Each structure stands twice: as C-alpha cells, then as structure tokens.
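Since the structure comes first, as structure tokens, the remarks are kept for the end.
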Number of protein chains: 2
Amino acid sequence: MSKCQQCIIREFNTLRSLTADELKTMSKEKDVLNFKKGDVIFKEGNAINGVYCVKHGICKLSKLNANGKEQIVRFMKGGDMLGYRSILSDEPVTLTVTALKDMEACYIPKKEILDAIKENPKFSLDMMKTVCGDLRDANASLSNMAQKSVKERLADTMIFLKETFGEDKDGYLDIVLTREEIASVVGTATESAIRLLSEFKKKGFIELTGKRLKVIDEVGLLKLSQGF
Amino acid sequence: MSKCQQCIIREFNTLRSLTADELKTMSKEKDVLNFKKGDVIFKEGNAINGVYCVKHGICKLSKLNANGKEQIVRFMKGGDMLGYRSILSDEPVTLTVTALKDMEACYIPKKEILDAIKENPKFSLDMMKTVCGDLRDANASLSNMAQKSVKERLADTMIFLKETFGEDKDGYLDIVLTREEIASVVGTATESAIRLLSEFKKKGFIELTGKRLKVIDEVGLLKLSQGF
DNA sequence: TCAAGTCTATGATAAATGTCATATAATTTC
DNA sequence: GAAATTATATGACATTTATCATAGACTTGA
C-alpha cells in the first residue's frame with residue numbers, strides 16, 4: 001500500500017503541513033479508491049465520514065436545481081481535497097461529485113482530519129486558507145454569473161479550463177466536456193453554448209474537433225470576457 | 001470601555017469559543033468603532049490588519065465589476081464577523097463593505113485572532129465552521145444565479161430579506177434598500193427590478209411604501225421562486 | 001454491423017431581459 | 001423652501017437568451 005509520506009500530490013494541498021507522525025497514522029487509516037469516468041463519488045445530501053484526497057483524474061462538483069438541471073459549481077483535480085466542507089461543518093454534502101476522467105483518490109476518515117486540526121495549528125491554518133480561497137473564488141464566480149453575459153462567461157470558462165487543466169501535446173485542452181457540461185458551467189442552455197462555441201470558432205478564438213477543444217486566441221477571449 | 005466578556009453579541013459568533021483569558025486580552029486590544037449609514041468600512045483591494053465584529057447595524061458586501069456596476073454578494077448584521085477571510089488567508093480584501101444602517105463594530109487586531117487559532121482548537125474549529133457555512137451559501141447562490149430567472153431570484157431575495165432581517169412593528173422589512181441595491185442583489189438592471197416589484201405588488205405578494213417593503217404572501221413568493 | 005440512443009448543430013420563434021427616453025416623486029442642498 | 005439632484009416608475013424598443021423542432025454525426029451495445 002502506498003504511503004502518504006511518499007505521496008507527491010500531498011505537496012500540493014493542506015496535508016503538507018502534517019508532521020511525520022500524523023502522516024504515518026493517516027497512512028494507516030486511509031483507503032485508496034479508484035473511480036471510473038462517470039462514477040458518482042458522492043451525492044448531494046449524502047452523509048460522508050471522511051475526505052477524499054485526489055491523486056489523479058478530474059471530477060466535477062455540481063448541484064441539481066428544482067427543474068432537474070445540473071449546475072457545475074467547480075472542478076477538482078490532483079491535489080484537491082473533496083468533501084472537507086461537509087466534514088468540517090458536520091453537515092451532509094451539498095454537492096454531487098462525478099468523475100470526468102478515471103480517478104484515484106485516498107479516503108481519509110474524518111477522525112484523522114479533525115485530530116490533526118486539534119493537534120496541529122499549522123495544518124489548521126492551512127486548512128482555513130484553503131476554505132477561504134474557495135470562498136473568495138465562489139464570491140468572484142457569483143459576481144461574474146450575475147453581471148456578465150453568457151458570451152463573456154463562456155470566454156471566461158475557456159480561459160479557466162486552459163489555465164486549470166492545461167493542454168496535451170496537440171494543444172487541446174486536457175479536459176473533455178460535453179456541450180451540455182460546458183453549458184452547465186457557464187449557466188446557460190445547451191443550444192446557446194453550442195451556438196456561441198461555433199461563433200468563437202468562426203472568429204478564430206478556438207478550434208473544435210468533436211469534443212476536443214483548443215484555445216487559439218487567449219488574448220481575444222480575455223478581451224471578450226471583459227466586454228470588448 | 002465595554003468588555004468582550006460581557007458582550008451579548010459574542011454568543012452569536014465564533015468568539016463564543018474563546019476562554020475567559022483570551023477574551024480579556026482581546027478586550028484590551030480591541031477598538032470600538034462607529035460607522036454612519038453610507039460609510040465605507042473597507043474597500044476591495046485594501047489590506048486590513050484585523051477583523052470587525054459587528055455589534056449593531058447592517059452592511060452590504062459588494063464587488064465592483066469591470067463596467068462599474070456593483071454586485072452585492074451578501075449582507076452582515078450584529079454577530080457577524082467582517083474581514084476574517086482576508087486575515088485568515090493573508091490576502092487583501094476582495095469585497096467592499098458599506099454600512100446600510102448606523103453601525104457599531106469592534107475592531108480586533110489580526111494577532112489576537114491568529115493567536116487564538118493557534119492556542120484554542122475549539123475556536124479554530126468554530127471559525128472553520130463559519131467559513132464553511134459561508135462557502136456552502138456562496139455555492140448555493142451561484143447555482144441560483146446561474147439557473148433561476150430574474151423573477152425567481154427577486155422572489156428569493158424578498159424571502160431572504162424577511163428571514164434574515166425580520167420586520168418592524170408595522171410588518172415592514174427591517175432593512176431599507178434602494179431599488180438599485182435590490183437589483184444589485186438579484187443581479188439585474190434597476191429598471192427590471194422596479195418593474196418586477198410593481199408586478200409583485202399588483203399580484204399581492206408584497207406591499208411597497210416608498211423604500212419600505214412588506215412581504216404579504218411569503219408562500220406565494222416561495223412558489224414563484226421555485227418556478228410556479 | 002446495424003439499430004437505438006445520444007450528442008451536436010442550426011433554424012425559427014418566443015420569451016426574458018436590458019437599454020434608452022421621459023416623467024414624476026422624493027430627497028438633498030444651499 | 002426653492003432649486004438641484006437623485007430615485008422611482010413606466011413606455012418603447014433592442015438585444016440576449018431560451019425553447020422547440022429537426023437533422024445529421026457520433027457512440028454504444030446487442
């Protein structure tokens with residue numbers, strides 16, 4: 001079984017603040033889980049008893065609204081911690097998490113995290129920074145969602161996906177989404193997203209090959225996202 | 001000078017987890033500040049070196065977007081803590097805070113808060129719960145903003161204002177907002193907000209007397225907010 | 001491999017929302 | 001308290017966005 005102490009991904013998240021001893025106990029208590037593309041890791045309303053430390057893969061965090069439509073609230077990838085909000089606030093999860101690529105994640109029981117918070121102020125503060133960062137981003141998204149047009153938001157999304165997930169050797173985004181999922185990030189109807197993607201392609205901002213997507217003119221997209 | 005130990009408001013926020021000793025030091029270090037309606041407490045981009053524990057009054061937290069429009073992200077009232085995100089993540093503030101009513105708030109230097117986090121795990125965990133709660137709310141707002149119509153969001157806002165700020169003896173909401181501010185909460189144009197308020201009034205959901213606002217049919221508004 | 005299902009694309013149209021113009025009401029300032 | 005400013009209200013219209021319909025492309029599974 002892999003040891004947390006040797007896990008590289010740990011350097012990218014709050015677990016970096018743990019002591020060697022704490023890591024050892026965590027390593028003993030953790031489970032290594034695998035998920036296939038499409039697997040649901042947990043669902044809105046579920047009670048979970050641990051956090052998931054993502055090693056590889058990508059997942060989406062979404063909320064189902066009254067009329068059955070999915071709103072993607074954010075993505076997570078290697079290094080991110082899933083479910084910490086629920087654990088920390090001792091509430092059921094409020095988002096559904098679905099794998100978008102095959103994933104490997106370590107399940108760390110609640111107790112380990114809460115103990116570490118009690119014992120290790122550095123970890124505690126680091127954890128707070130993570131939540132605070134998420135909160136800052138959520139507020140920024142809220143403001144954008146409220147005030148930008150669909151076109152501007154789609155441009156934002158293209159840039160965000162490139163910056164967050166990078167490109168493969170051919171320059172295509174290293175994340176594959178359906179048009180419906182793109183629409184659900186942007187907060188619009190699938191048809192509207194499709195239409196605007198075609199427009200972006202026509203204007204030379206992006207390239208489309210099936211579901212594969214390449215950002216060609218990031219500066220242009222940036223300008224567009226700011227309303228020019 | 002008032003003592004934190006005897007402050008009732010403290011019972012409503014994370015400071016309730018502090019020990020008597022911690023409260024004593026905090027009391028010594030804090031400043032009591034007063035703000036008039038309209039005063040800006042801090043601005044997007046400012047560096048602050050402490051948090052504000054609100055005793056009385058109401059303020060709005062907003063973000064200015066590229067085209068100069070204000071987006072109200074949330075409100076705070078007695079018991080809430082302002083600026084903690086910036087302190088915890090050691091970043092400038094990302095929101096502008098403006099008093100909507102005369103306010104009294106205690107300014108607590110950063111050091112006191114960070115020390116308490118290091119020393120007192122209960123406070124630390126309580127603090128985390130607060131941030132996590134804010135994050136949950138922000139995600140929910142994001143999803144609503146993306147998927148609900150302006151009319152639905154306005155209905156939500158009316159209910160939210162009633163639940164959060166209550167009513168005076170005449171049944172009017174205990175918060176006074178301009179139409180522009182209402183629009184800025186909902187995320188729409190001022191004229192659209194005005195039009196829909198008139199419609200709500202005509203349909204008997206609310207009563208309008210100048211800026212004073214009364215919710216008459218909360219159930220009706222709730223149904224409307226869910227798309228009926 | 002083909003049939004069924006899903007996804008993407010696009011036109012036509014409807015509905016929602018924003019913008020501009022204008023008028024009146026309320027508030028502020030001198 | 002009158003003039004100036006700001007806030008509210010509403011009409012007319014433009015623009016954006018959603019919805020419905022249809023068709024072809026792509027996947028998937030028997």
Side-chain angles (χ1 to χ4, degrees), chain A residues 36-38 65-72 98 100 144-157 172 176-203 206-214 224-225 227-228, chain B residues 36-38 60 65-72 98 100 144-157 172 175-203 206-214 224-225 227-228:
Chain A
K36 289 253 156 249
K37 179 177 172 174
N65 76 352
N67 55 54
K69 245 184 151 184
E70 171 189 58
Q71 176 63 34
I72 295 180
T98 314
L100 292 176
N144 282 337
M145 196 61 84
Q147 306 220 323
K148 288 191 172 186
S149 69
V150 172
K151 194 182 292 187
E152 288 162 0
R153 269 143 52 200
L154 181 62
D156 277 339
T157 300
Y172 285 96
V176 174
L177 298 171
T178 65
R179 301 291 191 266
E180 192 177 359
E181 283 168 335
I182 294 176
S184 160
V185 178
V186 172
T188 189
T190 306
E191 295 94 325
S192 299
I194 290 174
R195 252 180 261 273
L196 287 170
L197 283 172
S198 300
E199 188 186 322
F200 282 10
K201 181 183 176 181
K202 210 173 295 168
K203 292 191 176 155
I206 60 171
E207 204 179 297
L208 293 170
T209 313
K211 288 202 206 338
R212 303 209 308 154
L213 214 146
K214 189 190 289 193
L224 206 157
S225 100
F228 299 109
Chain B
K36 290 256 155 249
K37 180 178 170 174
K60 61 177 175 182
N65 77 352
N67 55 52
K69 246 183 148 185
E70 171 188 59
Q71 176 62 34
I72 296 180
T98 314
L100 292 176
N144 281 338
M145 196 62 84
Q147 305 220 326
K148 289 191 172 188
S149 69
V150 172
K151 196 184 286 188
E152 289 162 359
R153 268 144 50 200
L154 181 61
D156 276 341
T157 300
Y172 285 96
I175 180 175
V176 173
L177 298 171
T178 64
R179 300 291 191 266
E180 191 178 358
E181 282 168 335
I182 293 176
S184 159
V185 178
V186 171
T188 188
T190 306
E191 296 94 325
S192 299
I194 290 174
R195 251 180 264 273
L196 287 170
L197 283 171
S198 301
E199 187 186 322
F200 282 10
K201 181 184 177 180
K202 211 174 292 170
K203 290 191 176 153
I206 60 171
E207 204 179 298
L208 292 170
T209 313
K211 288 203 209 337
R212 303 209 307 152
L213 213 146
K214 191 190 288 192
L224 205 156
S225 101
F228 299 109

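Convention: sequence-line order gives letters A, B, ...; per-chain numbering from 1. All of these numbers come straight from a predicted model, not from anything done at the bench.
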[X]: side chain to side chain donor-acceptor pair (under 3.5 Å) partners, not counting sequence neighbours:
X: B:S225; value: B:D156
X: A:E70; value: A:K60, A:S62
X: A:Q147; value: B:N65, B:Q71

Polar side-chain atom of [X] near backbone of [Y] as donor-acceptor pair, under 3.5 Å:
X: A:T98; Y: A:G38; value: no
X: A:R212; Y: A:Y172; value: no
X: A:R153; Y: A:G187; value: yes

Results of side-chain contact (heavy atoms from CB on, under 4.5 Å) for [X] - residues two or more places apart only:
X: B:K202; answer: none
X: A:K201; answer: A:I206, A:L208
X: A:K211; answer: A:V176, A:T178

Provide the full list of ring pair (Phe, Tyr, Trp, His ring centres under 6.0 Å) pairs with a residue in residues 176-195 of chain B, sequence neighbours left out, each pair given once.
->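 Pairs touching residues 176-195 of chain B that pass the test: none.
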Are the side chains of B:E152 and B:N144 in touch, meaning some heavy atoms are under 4.5 Å apart?
->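 No, their side chains stay 4.5 Å or more apart.
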If you walk 5' to 3' along DNA chain C, what is the first nucleotide with an atom under 4.0 Å of a heavy atom in chain A, and what is the last?
->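 From 5' to 3', the first and last contacting nucleotides are C:dC7 to C:dA12.
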5′-ward residue of the pair B:T178/A:K69 relative to DNA chain D |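 Taking each residue's closest nucleotide, the earlier one in sequence belongs to B:T178.
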Value in whole Å for how far the [atom2] atom of [N] lies from [atom1] of [X]:
X: A:E152; N: D:dT15; atom1: CD; atom2: P; value: 16 Å
X: B:M145; N: D:dT17; atom1: CE; atom2: C1'; value: 17 Å
X: A:E191; N: D:dA18; atom1: CD; atom2: P; value: 9 Å

Every protein N/O lying under 3.5 Å from an N/O of nucleotides 25-28 of chain D:
none

Computed from five pairs at either end and rounded to 10 degrees, the angle between the axes of the helix from C:dT1-D:dA30 to C:dC30-D:dG1 is 50°
Show every donor-acceptor pair shorter than 3.5 Å between a side-chain atom in residues 193-200 of chain A and any protein atom, with sequence neighbours excluded, or say none if there are none.
from   : atom 1 : to     : atom 2 : distance (Å)
A:S198 : OG     : A:I194 : O      : 3.1
A:E199 : OE2    : A:K151 : NZ     : 3.0
A:E199 : OE2    : A:K203 : NZ     : 2.9

Residue A:T188, side-chain atoms from C-beta onward, closest of D:dT10, D:dT17, D:dT19 | D:dT17
Would you say A:E180 has more than 12 foreign heavy atoms packed within less than 6.0 Å of its CD?
->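 Check fails, neighbour count at 12 or below.
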Do any of residues 192-203 of chain B sit with a heavy atom less than 4.0 Å from DNA chain C, and if so which?
->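 DNA chain C contact set from residues 192-203 of chain B: B:S192, B:R195.
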Pick the nucleotide of DNA chain C nearest each of A:E180 and A:A146; which residue has the one closer to the 5' end?
-> A:E180
